[in-house]
Amino acid sequence: MDDINVLHHRCLLNLRRRIRDIGDGRPAQERYMRLQKDGDTLSYQGNSEEVGCYVAGHPLSKGNCYFEVTIVDTGVRGTIAVGLVPKFYRLDHQPGWLPYSVAYHADNGKLYNGNPVGQQFGPKCARGDRIGCGIHSENIEAGFTTVFFTKNGKEVGSVEVPVSAEGLFPAVGMHSMGEEVKVDLQAEWLLEEDDSMMMVDSHEDDWGRLYDVRVSGTLLEYVGKGKSIMDVGLAQARQPLTTRCHYYELEIVDAGEKCYIALGLARRDYPRNRHPGWSRGSVAYHADDGKIFHGSGVGDAFGPRCFKGDIMGCGIMFPRDYILEGEGDVDDWDRLEVRPGHAGVQNVLYLNDEEEEEEDGEEVEQGQEGRKVMVFFTRNGKLMGRREMAVPPGGLYPTVGMMSSGEKVKVDLHPLSG
């Protein structure tokens with residue numbers, strides 16, 4: 001009897017949808033606001049203060065239960081949302097913000113399920129990534145269905161959501177200048193047996209911040225424009241270096257056009273559009289010119305240039321009595337604290353991933369400094385040199401920068417773990 005009831009419920013839902021679509025004899029129309037549509041391409045046309053939203057003309061169904069969105073350009077902030085909404089969803093709100101809608105947001109990797117406050121869900125998404133969204137139509141029962149999301153063909157997660165009589169319509173939201181996507185409403189997604197039987201570590205969870213960088217296993221690939229010094233691709237590790245994990249390495253797989261590759265350490269809230277080493281709270285060894293940059297856009301001669309196949313390393317020589325509060329269990333960034341010897345505890349209060357204005361003057365930097373440590377760099381296993389640096393609140397995070405087309409590196413965040 002349960003199967004019969006489910007079948008009856010499906011028939012009722014389908015009948016209601018057909019009535020809504022046929023209604024006045026006109027075909028269902030897609031809707032969008034503050035977006036320009038050119039074929040399957042959507043581009044944001046607002047002023048970065050107001051949301052632009054697209055809603056497809058037909059809901060997902062058993063015969064068409066999945067769609068995908070490819071990020072062409074992340075624009076200023078990468079505030080792109082992909083999800084499902086009711087038919088007459090308000091176009092001045094991001095998908096997921098209002099009731100009966102759900103969406104995966106590219107800029108922070110959070111899931112918004114009928115609420116303007118999101119929950120951590122999956123990795124962030126960058127230029128070139130494909131975000132997919134679908135429904136398990138066979139699970140529709142009592143007005144609920146399971147919605148799942150994918151990134152580059154791999155399932156990220158799923159959530160059960162209520163279904164209105166009209167169904168759930170594919171939707172895309174954007175909220176900053178320059179954002180552009182391609183929508184494929186006829187995409188197909190199948191879970192291969194190999195994927196379900198064998199789990200492969202993508203290593204994306206190792207990275208807390210990714211901007212214009214695509215992750216594939218241990219490989220980082222620059223996917224930015226590469227046209228100006230503002231087009232920095234930044235990858236920052238989720239965890240800072242500690243006394244237990246004090247060193248990491250990268251191998252240059254492809255030097256790209258200019259080999260503008262930088263390896264170093266930076267504070268947690270490092271600006272996304274600045275190469276490692278250029279701004280305060282950072283230090284980095286740059287492959288293109290062999291210079292070291294320490295909180296300044298002007299570098300000092302340091303070591304040889306690096307090319308394809310070279311392995312660059314960066315680590316910290318911690319004092320014996322150095323303590324990082326929460327070491328060994330640093331998954332919760334918000335609770336990280338640095339205790340330099342017997343000095344007072346400093347909490348991480350700045351957790352902003354957006355671009356920031358650089359602060360002038362030595363007073364600000366000194367006010368946030370902790371105990372000083374010795375940062376060292378290597379090239380192909382040989383020590384290149386050292387640089388003393390104060391540890392900011394929260395610690396120093398492995399940070400990799402790239403800035404020209406074609407650059408690819410392999411990163412090992414735990415080369416000494418065996």
Side-chain angles (χ1 to χ4, degrees), residues 68-78 80 82 104 106-109 122-132 150-154 156 178-182 200-238 248-264 266 270-277 284-288 305-314 353 397-415:
E68 280 189 341
V69 172
T70 301
I71 299 177
V72 178
D73 198 321
T74 55
V76 176
R77 296 195 301 265
I80 298 168
V82 177
Y104 179 22
D107 59 318
N108 55 18
K124 300 175 184 179
C125 301
R127 182 180 181 186
D129 285 332
R130 290 179 294 115
I131 303 175
T150 68
K151 179 184 177 187
N152 298 328
K154 303 291 184 181
V156 176
E179 293 171 350
E180 185 174 307
V181 302
K182 284 189 176 181
V200 179
D201 187 0
S202 68
H203 293 272
E204 284 194 70
D205 289 342
D206 291 339
W207 301 97
R209 301 172 66 202
L210 291 168
Y211 298 106
D212 285 339
V213 173
R214 179 189 299 148
V215 179
S216 178
T218 59
L219 183 72
L220 301 184
E221 178 182 1
Y222 178 68
V223 293
K225 297 178 182 178
K227 296 180 180 179
S228 75
I229 62 171
M230 298 296 289
D231 296 329
V232 174
L234 194 75
Q236 187 173 71
R238 183 171 294 277
Y248 80 105
E249 289 182 335
L250 72 74
E251 176 185 355
I252 300 177
V253 176
D254 194 326
E257 292 184 2
K258 302 290 186 179
C259 198
Y260 289 152
I261 297 169
L263 162 113
Y270 193 76
R272 59 180 286 186
N273 62 338
R274 299 285 288 173
H275 229 18
Y285 180 19
H286 286 220
D288 62 310
R305 296 170 61 192
C306 300
F307 305 93
K308 179 178 179 179
D310 284 333
I311 297 176
M312 304 169 68
C314 177
D353 285 346
Y397 292 77
T399 306
V400 176
M402 293 182 278
M403 207 168 58
S404 74
S405 297
E407 294 172 346
K408 299 178 183 178
V409 299
K410 280 188 176 180
V411 180
D412 187 350
L413 293 172
H414 310 284

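- In terms of the salt bridge (Lys or Arg N to Asp or Glu O under 4.0 Å) criterion, K408 has no residue partners (sequence neighbours excluded).
- How far OG of S405 is from NZ of K258: 10.5 Å, rounded to the nearest 0.5 Å.
- Of the possible polar contacts, one joining the Y270 side chain to the H275 backbone as a donor-acceptor pair under 3.5 Å is found.
- For E251 and K410, the salt-bridge test fails: no basic side-chain N is under 4.0 Å from an acidic carboxylate O.
- Shown here are the salt bridge (Lys or Arg N to Asp or Glu O under 4.0 Å) partners of R130, two or more places apart in sequence or in another chain: E68.
- Across G78 and D107, no two heavy atoms sit closer than the pair O-CB, 3.2 Å.
- Salt bridge status for K151 with D129: present, with a side-chain N to carboxylate O gap under 4.0 Å.
- Distance check, rounded to the nearest 0.5 Å: NZ of K182 to CD1 of I71 gives 14.0 Å.
- The pair D310-R305 fails the salt-bridge criterion, with no side-chain N (NZ, NE, NH1 or NH2) lying under 4.0 Å from an Asp/Glu carboxylate O.
- Two residues are said to be in side-chain contact when any heavy atoms from C-beta on lie closer than 4.5 Å; W207 and V213 fail this criterion.
- In this structure, the side chains of T74 and Y211 stay at 4.5 Å or more apart for every pair of heavy atoms.
- Contact annotation: the side chain of L219 never approaches that of V409 to less than 4.5 Å [non-hydrogen atoms, C-beta and beyond].
- The minimum heavy-atom distance between N152 and G128, with the atom names listed, is OD1-O, 4.3 Å.
- Taking 4.5 Å as the limit, every side-chain heavy atom of D231 sits out of range of all side-chain heavy atoms of D212.
- In this structure the side chain of P276 reaches within 4.5 angstrom of the side chain of L234, judged on heavy atoms.
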